[in-house]
Every structure is written in C-alpha cells, then in structure tokens.
Amino acid sequence: MANDADVLIVGGGPCGLAAAVSAQRAGLRPLVIESGVVVSTIAAYPTYVRFFSTAEKLSIGGLPFVIATEKPTRRDALAYYRAVVTYFGIALRQRERVSAIQGSSGHFTVVSRTSGGEERKTTAGAVVIATGYFGSPNRIGVPGEELPHVTHVYREGHEAFLQDVVVVGGGNSAAEAALDLWRSGARVTLVHFGPTFDKKIKPWVLPDFTNRVKEGQIAVRWDSRVKAIEARDVVLVHRKNEDRVKADRVYIMTGFAPSLELLRETGVPIDEKTGIPRHDAQTLETPIAGVFIAGVVVAGYDANKVFIENGRYHGDRIVARLLGQRAPAEPRLSAELDA
C-alpha cells in the first residue's frame with residue numbers, strides 16, 4: 001500500500017516550504033504539517049519589522065519576490081509565502097502538531113493532533129524536521145519572569161504608550177523594540193549584561209539607537225543583569241550594586257532556542273553543548289535513516305548561522321540524498337561574499 005506522502009515535512013516555515021518545492025520538482029509527493037499557520041514565525045514578528053536580507057534572497061523555487069523597496073517587510077513576506085503555497089500547490093495541513101514519528105525509512109508513520117483534538121496518522125517514506133526555533137524563548141530564569149506584564153515576544157509599541165518599559169537584551173530585536181517603543185510614546189530603558197550590543201546590529205538601526213541614547217530619549221544600563229521582576233519595578237545588579245527601574249511592561253528580547261523535543265523523542269542524538277542534532281553535514285540525514293533536518297535546527301543553539309537565505313537550499317540536499325545523487329554545494333551568504 002502506497003504511503004500518504006513520499007516526504008513529510010514537519011514545519012511550514014520558509015525552509016520547510018522550500019524543501020517541499022524541491023521534493024515536488026523532483027517528482028516526489030511532499031506534505032507539510034504545520035503546528036500553527038504557514039510561516040508562523042514570521043507572523044509572530046514585530047508588526048512593522050523590515051528584513052535584513054533583500055527579497056531576492058528570501059525567494060523560494062525561483063518564484064520572484066517582487067516589492068517596491070529594497071528590503072521586504074513582515075507583511076510583504078507573509079503575502080509572498082502564501083503565494084508560494086498556492087503557486088506551487090503545496091499540500092499543507094495547518095494547526096496540526098506532530099507528536100511522534102514511528103517506523104523506519106520508507107515506512108514511517110507520523111502521529112499528529114489537530115487543533116480540534118483529532119489524532120491523525122500519516123504514512124511517509126521520509127521525514128524532514130524543520131520545526132524552527134520561535135516557540136522556545138531563552139528565559140533569563142529570574143523571579144517574576146512569568147508575570148502577566150512580561151513578554152518574550154514583541155509586536156508593537158502602541159500598548160506601552162506613556163508607560164515605563166524595560167527592554168532586556170543586546171541584539172537586533174532589543175534595539176528595534178526599544179526604538180519602536182520610544183517612537184510610540186513609551187519611556188524606555190534598555191538593559192544588557194554586556195558593555196555594548198553583543199551582535200551585529202543592522203546598519204540602519206545602530207546610529208538611530210545611539211543618537212536616541214545621546215539625546216537622553218532612551219536610557220541604557222550596560223553591564224547590568226536582571227535579578228528579579230516585580231509588579232512595578234525591575235531589580236538590576238550592576239557590579240554588585242543593586243538598583244531598581246520602573247517598569248509597567250517588560251520585554252525580554254533574548255532570542256529563542258530551537259525546538260528539539262520531537263527530534264529527541266524520535267531518537268536523534270542532540271549535542272548537549274551546541275544543541276545540534278547529529279546529522280550528515282552534506283545530506284542533512286540524521287542517524288535514523290530517512291529522517292532529515294532542515295532550517296535553523298541544523299545550527300542548534302546558534303540560530304545566527306542559518307537564515308532563510310541559506311536554509312532555503314536544504315531541501316535540495318535532502319532530495320539529492322533521497323534520489324541517490326551528489327548533494328549540491330551550499331551557497332555562500334551575501335555577508336560572506338561582501339567580506
């Protein structure tokens with residue numbers, strides 16, 4: 001009896017969709033199962049965020065990503081990836097969470113549950129796990145982190161109009177959130193444990209943020225750690241000295257960890273230090289024959305190594321393995337070409 005799909009892809013992000021397109025073009029029957037909505041990570045981005053990559057480097061399967069400006073917005077990306085699904089006719093099941101992968105290569109049974117509570121079993125010859133990272137925030141582990149006015153996801157600044165807010169973090173997300181909050185009328189303090197930003201900040205963001213700090217419009221507490229979050233304050237420690245900052249809302253912008261639970265439960269070994277699932281670097285196949293990884297999970301805890309820009313090619317390498325062909329060379333990132 002034939003399987004329901006030749007390749008079942010867990011995760012409907014850009015890299016999962018790209019893998020589906022690669023499989024379909026090779027004559028295979030792909031199926032994508034997504035726990036939320038298609039490209040749910042992008043849907044959860046700040047409302048007005050703009051991508052660092054150009055539209056061309058976010059495109060899939062040769063389908064042009066046409067915009068009127070140089071850098072696409074969140075809304076541009078959502079429209080484009082919806083178009084990818086419809087243009088290529090990708091088989092997609094949304095709001096369905098995969099809970100188990102059973103069987104062996106050529107005869108897998110993928111167990112999932114719909115949002116309505118229905119359990120489903122789908123058979124597939126191979127499985128690609130492209131579950132991304134957005135669902136697992138990097139927690140700072142302090143008292144009060146679970147209070148209702150604390151969030152690890154930033155959407156837009158309007159909710160903090162005329163309020164005192166603390167933004168925790170030292171990367172692009174923290175810098176952009178602080179700027180958007182200030183422009184929305186919030187009184188902003190950014191807190192980071194390092195002496196300055198710890199990641200490469202977008203070139204159009206850093207001078208904007210620096211100028212706001214110089215003008216006294218955004219307060220910054222470098223070399224400071226959050227000790228506790230209370231109902232109206234955040235307790236900070238700076239060089240063994242304790243201080244308090246008013247906070248009606250707290251935004252913890254410390255990034256996310258990859259979603260590795262399904263891989264662990266399937267039996268794929270995970271490096272404890274790096275979070276990288278064991279896999280063949282060329283084919284992306286795990287030690288469990290027929291189970292592959294794609295997208296940001298390939299990089300483990302260092303999510304900055306894999307972007308849409310290079311993760312969109314993972315499907316080509318997986319399909320090459322399934323067809324017994326040589327894996328194509330991994331493309332270089334635009335930042336590497338400019339170096």
Side-chain angles (χ1 to χ4, degrees), residues 11-16 34-52 72-78 81 94-95 97 115 130-161 163-193 197-199 201-202 205 209 218 226 229-231 234 247-261 275 295-297 299 301-304 306-308:
C15 299
E34 162 60 42
S35 62
V37 295
V38 67
V39 294
S40 57
T41 294
I42 295 175
Y45 279 0
T47 305
Y48 305 110
V49 75
R50 189 172 292 274
F51 281 78
F52 183 84
T73 64
R74 166 185 172 274
R75 190 177 185 186
D76 291 330
L78 292 178
Y81 292 117
Q94 301 180 94
R95 302 192 187 282
R97 183 172 296 276
S115 58
T131 46
Y133 66 95
F134 201 77
S136 310
N138 292 321
R139 301 186 180 277
I140 58 176
V142 301
E145 191 170 2
E146 304 301 326
L147 288 172
H149 67 292
V150 181
T151 179
H152 291 82
V153 177
Y154 182 77
R155 297 308 299 264
E156 60 179 312
H158 180 75
E159 64 186 13
F161 175 57
Q163 297 177 57
D164 294 300
V165 302
V166 167
V167 177
V168 181
N172 274 308
S173 296
E176 291 185 285
L179 285 167
D180 189 50
L181 285 160
W182 168 71
R183 290 196 165 90
S184 299
R187 296 178 291 272
V188 184
T189 299
L190 182 136
V191 175
H192 184 47
F193 64 79
F197 288 114
D198 60 354
K199 296 179 181 178
I201 304 298
K202 296 174 183 177
V205 171
F209 184 89
I218 294 178
V226 175
I229 302 171
E230 299 177 353
V234 173
D248 299 304
R249 298 191 65 80
V250 180
Y251 299 88
I252 303 179
M253 302 286 98
T254 50
F256 292 79
S259 300
L260 301 173
E261 291 78 9
V296 72
V297 293
Y301 299 136
D302 190 357
N304 293 307
V306 176
F307 306 89
I308 300 172

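This structure is a prediction, so every number in the text was calculated from the model and none was measured. Heavy atoms only: backbone and side chains are in, while hydrogens, waters and symmetry mates are out.
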Practice task
Find out whether Thr254 and Ile140 are in side-chain contact, i.e. whether some heavy atom of one side chain is under 4.5 Å from a heavy atom of the other.
Solution key: yes
Handout entry: Contact summary for Trp182 and Val188, nearest pair of heavy atoms
Key = N-CG2, 3.6 Å
Fill in the blank from the handout: residues 39-48 vs salt bridge (charged side-chain N to carboxylate O under 4.0 Å, His left out), sequence neighbours excluded, gives none
Practice task
Provide the closest heavy-atom pair for Ser184 versus Phe161 in the form atom of the first, atom of the second, distance.
Solution key: O-CD1, 3.3 Å
Completion exercise
Closest non-hydrogen atoms of Val205 and Ala175, given as atom of the first, atom of the second and distance, are CG1-CB, 3.8 Å
Practice task
Drop me the distance from Asn172's CG to Phe209's CZ, to the nearest 0.5 angstrom.
Solution key: 11.5 Å
Practice task
Determine whether the side chains of Ser40 and Glu34 contain a donor N or O and an acceptor N or O closer than 3.5 Å.
Solution key: yes
Handout entry: Test salt bridge (charged side-chain N to carboxylate O under 4.0 Å, His left out) applied to Asp76 - qualifying residues, sequence neighbours left out
Key = none
Exercise for the section: For the pair Ile42 and Tyr81, evaluate side-chain contact (heavy atoms from CB on, under 4.5 Å) and give the outcome as yes or no after the intermediate values. Expected result: CA-CA 10 Å; Ile42 295 175; Tyr81 292 117; 3.7 Å; yes
Problem - Residues in salt bridge (charged side-chain N to carboxylate O under 4.0 Å, His left out) contact with Glu159, at least two apart in sequence or another chain - result: Arg249
Exercise for the section: For residues Gly12 and Val38, report the shortest heavy-atom separation together with the two atoms involved. Expected result: O-CG2, 3.5 Å
Practice task
Kindly determine whether Ile218 and Leu179 satisfy side-chain contact (heavy atoms from CB on, under 4.5 Å), including the steps that lead there.
Solution key: CA-CA 8 Å; Ile218 294 178; Leu179 285 167; 4.1 Å; yes
Between side-chain atoms of residues 43-52 and protein atoms elsewhere (two or more places apart, or another chain), which donor-acceptor pairs fall under 3.5 Å?
{"from": "Thr47", "atom 1": "OG1", "to": "Arg155", "atom 2": "O", "distance (Å)": "3.4"}
{"from": "Arg50", "atom 1": "NH1", "to": "Thr69", "atom 2": "OG1", "distance (Å)": "3.3"}
{"from": "Arg50", "atom 1": "NH1", "to": "Lys71", "atom 2": "O", "distance (Å)": "2.5"}

Problem - Sidechain-backbone polar pair: Glu230 side chain, Gly144 backbone, donor-acceptor under 3.5 Å - result: no
Practice task
Could you check if a side-chain atom of Ile229 sits within less than 4.5 angstrom of a side-chain atom of Val166, using non-hydrogen atoms only?
Solution key: no
Practice task
Could you pull out the closest heavy-atom pair between Tyr301 and Ala257, with the gap in Å?
Solution key: CD2-CB, 4.5 Å
Handout entry: Over 12 foreign heavy atoms within 6.0 Å of CZ, Arg139
Key = yes
Practice task
Please assess Val167 against Leu181 for the test side-chain contact (heavy atoms from CB on, under 4.5 Å), listing each intermediate value before the final yes or no.
Solution key: CA-CA 9 Å; Val167 177; Leu181 285 160; 3.6 Å; yes
Completion exercise
Sorted by chain and number, sequence neighbours left out, side chain to side chain contact (heavy atoms under 4.5 Å, CB included) with Thr131 holds for Val10, Ile129, Ser259, Val297
Completion exercise
salt bridge (charged side-chain N to carboxylate O under 4.0 Å, His left out) pairs touching residues 174-188, sequence neighbours excluded, are Asp164-Arg187, Glu176-Lys202, Arg183-Asp208
Problem - Over all atoms of both residues, closest heavy-atom pair of Ala160 and Val165 - result: CB-CG1, 3.6 Å
Handout entry: Close side-chain approach of Val153 and Phe256, heavy atoms under 4.5 Å
Key = yes
